[in-house]
2 protein chains.
Amino acid sequence: MNQSTNLKTARIEKISHLDYFNIAISVDCVILSYEDRRLRVLTMLSDLKEFAGLQSLLGDLVRPDEDLDSASYRVLLERTGLKDVYLRQVHTFGSVTRHPSGRVISTAYYALINGRHESLQLNDHALQWTPVKNLKKMAFDHKAILDTCLKTLREQVMDHPVVFNLLPGKFSLRQLQDVYETILSQELDRRNFRKKIVLKDWLTDLDEMEVDVPHRPGRLYAFREPSIKPISSVF
Amino acid sequence: MNQSTNLKTARIEKISHLDYFNIAISVDCVILSYEDRRLRVLTMLSDLKEFAGLQSLLGDLVRPDEDLDSASYRVLLERTGLKDVYLRQVHTFGSVTRHPSGRVISTAYYALINGRHESLQLNDHALQWTPVKNLKKMAFDHKAILDTCLKTLREQVMDHPVVFNLLPGKFSLRQLQDVYETILSQELDRRNFRKKIVLKDWLTDLDEMEVDVPHRPGRLYAFREPSIKPISSVF
DNA sequence: TCAAAAGTGTTGACTTTACACCCATGA
DNA sequence: TCATGGGTGTAAAGTCAACACTTTTGA
């Protein structure tokens with residue numbers, strides 16, 4: 001086999017732009033919140049006739065003058081009003097046929113937010129918090145994107161302090177455990193969970209107690225580090 | 001804050017293409033081989049004056065009619081003549097300034113190949129196998145891409161049977177351990193390594209022995225499953 | 001017979017799991 | 001006083017890390 005053609009690496013400037021700048025790139029955000037022992041994802045009804053009645057994730061095309069990561073932060077800000085959010089790139093989906101009306105490659109991010117955040121402001125009535133378990137089918141390849149993000153989240157959650165972004169500033173260990181159980185879809189032993197979590201040194205004991213609960217109040221904790229982490233720090 | 005503008009999700013068809021189809025997308029491949037107790041990556045000298053003297057990874061623009069994954073397979077085939085190769089998407093790099101001559105977003109893949117594969121055929125004299133340890137600086141953001149891929153490889157290597165792609169079909173446990181030690185940059189205890197690897201059930205004992213070695217010959221093993229895995233299977 | 005690497009088991013440290021009872025609060 | 005969840009420790013099992021001697025081959 002001999003392929004002496006097509007060796008174009010790093011020679012953008014020598015290629016006809018007309019041929020190649022014909023693919024759009026977008027970001028899609030899996031924006032997750034936790035409430036009522038359920039993970040919910042922010043979705044909207046697709047307005048493409050191909051996907052009539054199906055929910056889609058929130059995304060947008062990347063602008064020529066914005067970084068890829070910035071585009072996902074922008075989507076999040078535009079849709080939720082939230083600025084400092086845990087956001088993580090997961091995977092890029094680039095099948096030729098994934099978008100019915102053109103070639104669009106999309107990079108998926110997931111964001112974890114507190115659904116009761118004071119500055120949360122959903123500015124479009126079409127937006128809804130859909131329990132992830134209810135989503136069997138979505139527009140485009142968004143179900144695959146969602147599943148991939150959830151898988152990544154599950155892989156991360158025991159080793160990285162990310163779930164705190166789903167909770168209010170003060171929370172009890174029971175609330176924390178509920179979040180873990182929901183994400184991992186499995187029950188955890190209370191004593192073992194507490195030991196493990198405390199060992200990780202992610203928590204500050206606030207020396208406060210729950211109030212107005214119909215049972216013995218639990219201690220309240222806060223996440224030790226700021227729960228906002230820029231995604232780009234590692235790269 | 002009120003952002004009622006810019007809610008364009010999934011409405012490609014309503015946007016002026018001229019504004020947005022102005023970003024190119026490429027793939028960059030970190031093609032790794034193992035020899036001489038060193039990991040080597042396939043590089044070429046950058047021909048951009050901005051990066052004179054620096055090595056770059058192998059990549060190419062994605063064509064409008066090919067899947068993102070296919071593009072990385074194509075780069076690999078064009079550059080090495082190899083068809084069935086372990087290839088994995090790692091991360092997408094999208095800084096506005098990463099390419100000096102235009103906006104190019106690039107998805108990074110790593111590939112593991114056997115540097116002595118019979119059909120390996122480097123068809124460009126500019127290509128070289130550079131030991132990864134020697135690369136302090138590269139063209140574009142390729143050093144960051146390389147480091148990210150190596151980090152991902154290190155995270156995967158104990159849990160996924162990927163290193164076999166770096167070795168010939170028959171290998172001794174010592175060779176296998178050498179590869180692990182090289183990737184992880186740490187020495188491993190021989191007895192513990194053997195126990196752990198055998199437990200994983202990745203190997204077939206070939207009932208053959210090394211020949212022509214200046215010491216007691218070791219048993220030869222083969223990887224149990226085909227060492228070729230399509231990357232897209234999970235998604 | 002020497003040099004080089006192959007092959008092999010046990011022990012202690014640590015981690016993980018399983019498991020049950022009493023306590024504080026609101027209704 | 002009852003219902004609800006809070007809070008706590010221990011023992012057994014499993015995993016991981018450290019460690020040394022004998023064997024087989026080619027030179």
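Letters A, B, ... are given to chains in the order of the sequence lines, protein chains preceding strands, and every chain is numbered from 1. Bear in mind the structure is a predicted one, so any value in this text is a computation, not a measurement.
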First of A:Val213 and A:Arg191 reached from the 5' end of DNA chain C, by closest nucleotide
A:Arg191
How many Å lie between CZ on B:Arg194 and P on D:dT15, as a whole number?
21 Å
Categorize A:Arg190 for me: base, sugar-phosphate, or nothing, with a 4.0 angstrom heavy-atom threshold over every strand shown.
base
Atom-to-atom span, CG of B:Leu188 to P of C:dA6 - whole angstrom
14 Å
Before we go on, tell me: are the rings of B:Tyr221 and B:Phe171 under 6.0 Å apart, centre to centre?
no
Report the distance from atom OH of B:Tyr221 to atom P of C:dA6, rounded to the nearest whole Å.
11 Å
When you match A:Asn192 and A:Pro214 each to their closest nucleotide on DNA chain D, which lands nearer the 5' end?
A:Pro214
Rounded to whole angstroms, how far apart are NE2 on B:His215 and P on D:dT23?
19 Å
Please report, rounded to the nearest Å, how far the C1' atom of C:dG7 is from the NZ atom of B:Lys195.
13 Å
Separation of C:dA5 atom P from B:Gln175 atom CD, nearest Å, is 13 Å
Separation of D:dT25 atom P from B:Leu220 atom CG, nearest Å, is 14 Å
To the nearest angstrom, the CZ-P distance between B:Arg174 and C:dA5 comes to 8 Å
Does any part of the side chain of B:Leu127, heavy atoms only, come nearer than 4.5 Å to the side chain of B:Leu58, both counted from C-beta?
yes
Under-4.0 Å side-chain N/O to phosphate OP1/OP2 contact, B:Arg216 with C:dA4:
no
Please state whether the rings of B:Phe223 and B:Phe164 are parallel, tilted or perpendicular, taking 30° and 60° as the class boundaries.
parallel
Using only heavy-atom distances, determine whether the side chains of A:Gln175 and A:Tyr34 contain a donor-acceptor pair under 3.5 Å.
no
